[in-house]
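A, B, ... follow the sequence lines: proteins, then strands. Residue 1 opens every chain.
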2 protein chains.
Amino acid sequence: MAKPVVPEDARRRRRPTRQGVVLSERLIVDTALRMLREHGSAGLSARRLGAALGADPSTLYRYFDGMDGLTLAIGEELIGRGLDGWSATGLWRSDLRELGLRIHGAYLAHPQAAVLTASRVTGRPREIAADEAVLGILRTAGFPDPEAVQIYHAFIDQSLAFAALDAGALALSEASRLSDEQQWESTYARLPADEYPHIAATGRLLAARMNHSAYPVALDMLLASAEARLQALRGR
Amino acid sequence: MAKPVVPEDARRRRRPTRQGVVLSERLIVDTALRMLREHGSAGLSARRLGAALGADPSTLYRYFDGMDGLTLAIGEELIGRGLDGWSATGLWRSDLRELGLRIHGAYLAHPQAAVLTASRVTGRPREIAADEAVLGILRTAGFPDPEAVQIYHAFIDQSLAFAALDAGALALSEASRLSDEQQWESTYARLPADEYPHIAATGRLLAARMNHSAYPVALDMLLASAEARLQALRGR
DNA sequence: GTCTTATGCCAACACCATTGACCTTATCTC
DNA sequence: GAGATAAGGTCAATGGTGTTGGCATAAGAC
């Protein structure tokens, strides 16, 4: 890298932009989030972000290691927002449920951004804080370490994976505004019933369900299975 | 669209390329898959694909509605490969397990391609065939329609979501070749133990587990929970 | 053998990320 | 306060990208 990036907390001299804006990592990420919301997930580019900030595009490279670095910072911001204000109650199952829904929800609050970041593991501080919280809940609940680690892994990946998937659907369907009915008409309803009997038989139910996230159901199934396992462990 | 795309089965005149290649949707998708494997998920471009096929980049627009259409076709191909050769045994739980692992595996066989496609729902024939199969297994097993639809949705989305997430990790870690040990060193191991006691306590277990997919565990938990629900339904 | 038109090719457009050289000015030292 | 240092802004250029409109040629219908 020709121009090494200075870490945010080591930054001393903040020279204002020609247009008078004083930049910061924070300001850039927030502006990027707003641009993503307004122009869609393909609407973020160094040039446009620079223009929105009143700065030359190349300035961004003083703050992030390329667009990819900026993407990771956005992901870190989202996961942090999910965690903000959360605290454990001591009831492991509802704590986990709450945490999962918060993380998922934080990403879905910015679908266009989530599409870019949700399937990226960053290893940054706030992401690690989430990991620590989940492991803590499970170990405190009485899961032995091997089980705790196994369930933690399934839980956290499930949350992020669904966030990415659901964000994709959300960002897309907002782009092409089709009503639920139209969605149904355009896909399942016109399938031949003799070739796809099961889809035909459950058509209405499918149409009603496929427009929502499956994450809450999948999460509850994971938690139910974890609880059964814990009781089996206690029983013997 | 200025130049409407002719559907593959309506194609009559197949004029060979200047370099003697006869194009087809099939050939283009297969070539794209090979390019993705060799050059990574960012290595697919109209120009490079054209060069690899011995054709002008703009020719691709006769076959696909832009690069996005090509991406969807690639996804359809992958899910089809997962289904090829599969048939139901009648044991619903192992059938679902097998199907999930096959779909997940088909995507992970081409991680660089899966990154682009796994979180995209195409509504194309082979994807719908997978939906029909899953619904069929659940309804035949005795799940009432509302339950069947609910579990189907969680199952299929979870499979695709994990495929996308795991593909991302796989495509990335192949790019930056770090051994498992190094991965561990570079992230968890250097965290202060007093601030992250749970991560510190389970460090070795985490390091061993995080390099594999959590999908099998998550899948088995979903199936276990489904089975419990089925027994509860039968019981009353 | 002639006609039609599907399909491949060419040239051009507007965008993109990234980099290296340059210059200005905020901050540190004395 | 004066001067030195270099952080952090700007400019210009490079080589990439998807996509389109116009053109020409050969494949297949008759």
Problem set entry | Atom-to-atom span, CD of B:Q19 to P of D:dT25 - whole angstrom | 18 Å
Exercise. Within the structure, does a side-chain N or O atom of A:T59 lie under 4.0 Å from either OP1 or OP2 of D:dT10?
Worked result: yes
Problem set entry | Whole-Å distance separating the CZ atom of A:F64 from the P atom of D:dG8 | 13 Å
Exercise. Of the candidate nucleotides D:dT20, D:dG8, C:dG8, which contains the atom at the shortest distance from the side chain of B:S58?
Worked result: D:dT20
Exercise. To the side chain of B:P57, which of C:dC9, D:dT19, C:dA17 is closest?
Worked result: D:dT19
Exercise. Just wondering, do A:L99 and A:L83 contact through their side chains at under 4.5 Å, heavy atoms?
Worked result: yes
Exercise. So what does B:T17 hit on the nucleic acid, given a heavy-atom distance under 4.0 Å: a base, only sugar-phosphate, or nothing?
Worked result: sugar-phosphate
Problem set entry | Whole-Å gap separating P (D:dC11) and CZ (A:R62) | 14 Å
For this session: Using whole Å, report how far CG of A:L70 lies from P of C:dT18.
Result: 10 Å
Exercise. Does a side-chain N or O from B:Y61 land closer than 4.0 Å to OP1 or OP2 of C:dT7, or not?
Worked result: no
Problem set entry | N/O donor-acceptor pair under 3.5 Å between B:T17 side chain and B:G20 backbone | no
Exercise. Please give, in whole Å, the distance from D:dG22 C1' to B:D56 CG?
Worked result: 13 Å
Exercise. Should the pair B:Y215 and B:F162 be assigned to parallel (<30°), tilted (30 to 60°) or perpendicular (>60°) ring geometry?
Worked result: tilted
Problem set entry | No-H, no-angle donor-acceptor pair, B:R47 side chain to D:dG18 base, under 3.5 Å | yes
Exercise. For D:dA24, does either OP1 or OP2 sit under 4.0 Å from a side-chain N or O belonging to B:R15?
Worked result: no
Exercise. What's the shortest heavy-atom distance between B:T122 and B:E76, and which atoms?
Worked result: OG1-OE1, 3.8 Å
Exercise. Taking atom P of D:dA7 as reference, at what distance in whole Å does atom CD of A:E25 sit?
Worked result: 17 Å
Exercise. Is A:R37 salt-bridged to A:D30, cutoff N-O under 4.0 Å?
Worked result: no
Problem set entry | Position toward the 5' end of DNA chain D (nearest nucleotide), B:G43 or A:A55 | A:A55
For this session: Please state how far atom CZ in B:R48 lies from atom P in D:dG15, giving the value in whole angstrom units.
Result: 16 Å
Exercise. B:Y63 near the nucleic acid: base, sugar-phosphate alone, or nothing, with a heavy-atom cut-off under 4.0 Å?
Worked result: sugar-phosphate
Exercise. Checking only heavy atoms, does the side chain of A:S45 share a donor-acceptor pair with the base of C:dC15 at less than 3.5 Å?
Worked result: no
Problem set entry | Distance-only donor-acceptor test (3.5 Å): side chain B:R18, base C:dG8 | no
Exercise. Taking CG from A:L60 and P from D:dG9, how many angstroms apart are they, rounded to a whole number?
Worked result: 10 Å
